[in-house]
**Student:** 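Dropping the structure in here first, questions after.
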Amino acid sequence: MYVLGVGRTKFGILTETMPELAYQAMYNAVYDSPISIEDIDAVYVSNFLGGPYEKQLHLNSVVSSLLPELRLPIIRVETACASGSSALYQAIIALSRFENILIVGVEKMTNATTEESSQNLGMAGDRLADQTQGLIFPAHYALVAQQHMQKYGTTHEDLELVAFKNHSNSRLNPLAHFNHKEVTREMIKNAQVIASPLKLFDCSPISDGAAAVIISKNKKSDRDVHIIGSSLFTDHISLSHRKVHTSLEAAKLASKQAYEQAEITAKDLDIVEVHDCFTINELVAMEDLGICKPGESKDWVREERTTIKGEVPINTDGGLKADGHPIGATGLAQVFEVTTQLRGEAGGRQVEGAEIGLTHNIGGVGGTAVIHIFERRA
Amino acid sequence: MVFECQDCHKKWHYDVKVCIFCQGNVTEVAVKQSTVRGFTKVEIPSPGHTRVPYCDLLLEDDQGNFQIRKSFTEYKLGDLIEEAPKELKQEARKRTVGLIGAGTMGRGIAQVSAQTGYQVIMIDRHEEIARKSLSKIDTLLSKTTKEDVKQEILGRIKITTNFYDLEHADLVIEALTEDMELKKEVMKELENECSQNTIFATNTSSLSISELSQVLEDQSRLVGLHFFNPVPRMKLVEIVKSKYTSDRVVEFAKEVATEMGKTPVVTGDAPGFIVNRLLLPFLNEAIDKFSDATSSAADIDKAVTLGLNHPMGPLALADLIGLDVCKAILDELYEGYKDHKYKPCKTLCIMVEKGDLGRKTGKGFYKY
């Protein structure tokens, strides 16, 4: 299984409509690949909140309108913030039937107030256990952060290091939401508290954007990247339905399975894209993926081992934190970054000699976890 | 709207710009007229479509493309509908709006006008006040708008101190303090400087539009456009017809308000229009209730917010508006209708006399 092409839009507050964004990403992916749109046999669409935000559902048919007269089998996939990777996971399974599949993820989030966004994003939590208690998403991860700090001695300064690294990386990614923005340690440290201990710069932004990936059963060109692991696990939706609150069990299980499929270990990873919807989740992800031991992620960021020049570069595109988090597009933007890195086409943020990369995409507060592993082979 | 690839002639109903099949340019198809091929009359309301009945037409244009269109006019099958040329549709976006006065209201209207796509000319006798207003708009937009879009919006606002810059304005809105003589001066000057097609509007909340229009030669061109504070957030615009305002001018005012994303309501030129005529007796009554000393200010406000579902209690609102302003409007209403129910209550008069005017003096029904 191969990635033939990747494409995306800029992330941020954009003027384009949701269909226009999806189209741009598909267009870019098609012309990044060696095949044409007529070679595509099926499409998977990833989107989380088209209903609440844009009053637009039935997105598979909207995409059909964007591809006039092709009348392809198209299906929308929704697993909250993991929708992008889940669509890819489904598409990979569907390669048993189709030769070439296009996966497109899109989200339009900026036509709403912050309060509406808090409510919409809250839909990734349990209606009864979480939403009725006002547990907005920053609060979900604030609880994880508080637990992590209590158990391992992680500090807010460690979270600030994650935010600073990802904002710095986004300065090298022209398509990132915050590419234009100089963010200093002081700004991060002095920002408003959102849900203690998390402050504004611990949270990913509300972004518009789209990303697309084309995969195939067969190799078509030397730029193709191998897909060597694809795994999806789920867990109880609410933190309150679980016993452990400092790691995400689904992510641990999914990475274990994906490593087995790929016949590698965490030590083999050259570049990793993790789901840093909140800075604490980058630390949790490092531990869940086995990049470091539980409780040691703080030491890794203090020693700058995850910067672009570090041992295991994480979120070279700026991550959800600074590249942006247009939910439906996020998982596919991670694939865009890993593919671009493995092809050696990442420009100023290129990780030298990257051969194996992983994407870690989480729905809600770990209710869904999807891991993919990619490899460049000569 | 239909968009077509110049090379392979595939068609979209979205502005996709470039063809995913052949990389050709995709441009909008020009349409001159459409034929009604089908229709349905909708009898039940839904959010955004509360006025019923209305028709949804299935139109086929002269290029063979279909479109759904809502209409309050009924058509028969086969009826022809002339389509406005594209340039005319964009005409709305090319309007120039002048604003006299760069205070809170003038600034808010200027911001919304520029966001609508209008060219805005903001006039204040003191250039510095206008500059400050512009930088305030900059700050407000920064919170919600992407940098390049913000620059585009700000680029549509020009600042001047000269009335002759308004010569080609389509609409000039006066947003000065409530001073009839001052407003009359301005109207005279506007009629001197502007083209005869320019429509004049006043944002007054209490003065008589008919009286103001006495100074104009063409009295049909003046209309009341009463915006609410804060302008970017408040959805309502009261359109006030004087005795002389022409229907064309009222229609134009409705169109502009709608383009700005506001909901217009039309009312006659009587003191308080709709909102203030209803609001001030209510505030007055709340103040009178407060003075019988059986309920605290906080309890009266709580009763109204929770019992009537108002976003803010009347006493907090009176403090926000300013008690002197409340009293002045009540005086106007009393003067106009000669009805005892509009007479400012004793407590209000005493507080105004003492100089406890609400937020702006730090003390009203609450301390600030």
Side-chain angles (χ1 to χ4, degrees), chain A residues 5 7 9-33 35-40 43 55-56 61-70 72 102 104 106 110-114 117 177-181 205-210 212 214 324, chain B residues 1-29 46-50 63-68 70 93 114-117 140-156 230 232-235 261 311:
Chain A
T9 65
K10 184 170 167 54
F11 286 178
I13 302 168
L14 306 175
T15 48
E16 287 88 346
T17 62
M18 184 161 67
E20 286 166 10
L21 288 170
Y23 185 86
Q24 272 185 28
M26 292 194 290
Y27 180 92
N28 291 340
V30 166
Y31 287 97
D32 180 64
S33 81
I35 65 172
S36 77
I37 188 69
E38 279 114 335
D39 297 323
I40 298 292
V43 181
K55 304 291 175 283
Q56 181 68 69
S61 183
V62 171
V63 171
S64 188
S65 274
L66 291 170
L67 305 174
E69 295 161 43
L70 292 185
L72 295 172
L102 169 66
V104 58
V106 64
T110 63
N111 285 338
T113 62
T114 307
S117 280
H177 188 139
F178 287 122
N179 176 254
H180 62 283
K181 190 176 177 121
I206 306 283
S207 321
D208 303 325
I214 295 171
Chain B
M1 279 188 290
V2 172
F3 301 85
E4 184 173 355
C5 175
Q6 298 294 299
D7 296 340
C8 75
H9 303 290
K10 282 250 165 32
K11 286 173 183 171
W12 286 263
H13 286 78
Y14 306 92
D15 187 7
V16 300
K17 294 191 173 69
V18 52
C19 178
I20 198 168
F21 294 89
C22 73
Q23 296 187 282
N25 267 334
V26 179
T27 56
E28 192 180 342
V29 179
S46 58
H49 306 280
T50 46
Q63 314 288 312
N65 301 312
F66 285 88
Q67 191 188 125
I68 311 285
K70 180 179 166 182
R93 303 247 143 201
Q115 282 177 296
T116 306
L140 290 173
L141 287 174
S142 299
K143 291 180 190 160
T144 53
T145 319
K146 206 172 72 160
E147 183 61 24
D148 53 343
V149 177
K150 184 188 83 182
Q151 290 307 338
E152 203 184 306
I153 293 169
L154 291 175
R156 292 195 203 104
R233 215 168 346 128
M234 297 297 280
K235 288 279 177 218

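In what follows, every chain begins at residue 1, and chains take the letters A, B, ... in the order their sequences are listed.
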**Student:** So, using side-chain hydrogen bond (donor to acceptor under 3.5 Å, both in side chains) as the criterion, who are the partners of B:Asp15 when residues are at least two apart?
**Tutor:**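 B:Asp15 satisfies side-chain hydrogen bond (donor to acceptor under 3.5 Å, both in side chains) with B:Lys17 only.
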
**Student:** For B:Tyr14, is it the side chain, the backbone, both or neither that has a heavy atom under 4.5 Å from a heavy atom of chain A?
**Tutor:** side chain

**Student:** Kindly indicate whether the side chain of A:Ile13, heavy atoms from C-beta on, has any atom under 4.5 Å from the side chain of B:Thr145.
**Tutor:** no

**Student:** Listed by chain and number, what are the salt bridge (charged side-chain N to carboxylate O under 4.0 Å, His left out) partners of B:Lys146, not counting sequence neighbours?
**Tutor:**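 B:Lys146 satisfies salt bridge (charged side-chain N to carboxylate O under 4.0 Å, His left out) with B:Asp148 only.
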
**Student:** At a 4.5 Å cut-off on heavy atoms, which part of A:Glu16 comes close to chain B: side chain, backbone, both, or neither?
**Tutor:** neither

**Student:** Less than 3.5 Å apart, any donor N or O on the side chain of A:Gln24 or A:Glu20 sitting next to an acceptor on the other?
**Tutor:** no

**Student:** Given that the side chain runs from C-beta out, which part of B:Val149 has a heavy atom under 4.5 Å from chain A: side chain, backbone, both or neither?
**Tutor:**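 For B:Val149, side-chain heavy atoms alone lie under 4.5 Å from chain A.
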
**Student:** Using non-hydrogen atoms and a 4.5 Å limit, figure out which bit of B:Glu147 sits close to chain A: side chain, backbone, both or neither.
**Tutor:** neither

**Student:** For chain B, which candidate among A:Leu70, A:Thr17, A:Leu14, A:Thr15 shows the most heavy-atom pairs at distances under 4.5 Å?
**Tutor:**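 Option with the top pair count is A:Leu70.
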
**Student:** Kindly give the heavy-atom pair with the smallest separation between B:Cys22 and B:Asp7, and that separation in Å.
**Tutor:**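 Closest pair (atom of B:Cys22, atom of B:Asp7, distance): SG-CB, 3.9 Å.
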
**Student:** Pick from A:Pro19, A:Ser36, A:Pro68: which one has the most heavy-atom pairs with chain B under 4.5 Å?
**Tutor:**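 Among the listed options, the one with the most contacts to chain B is A:Pro68.
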
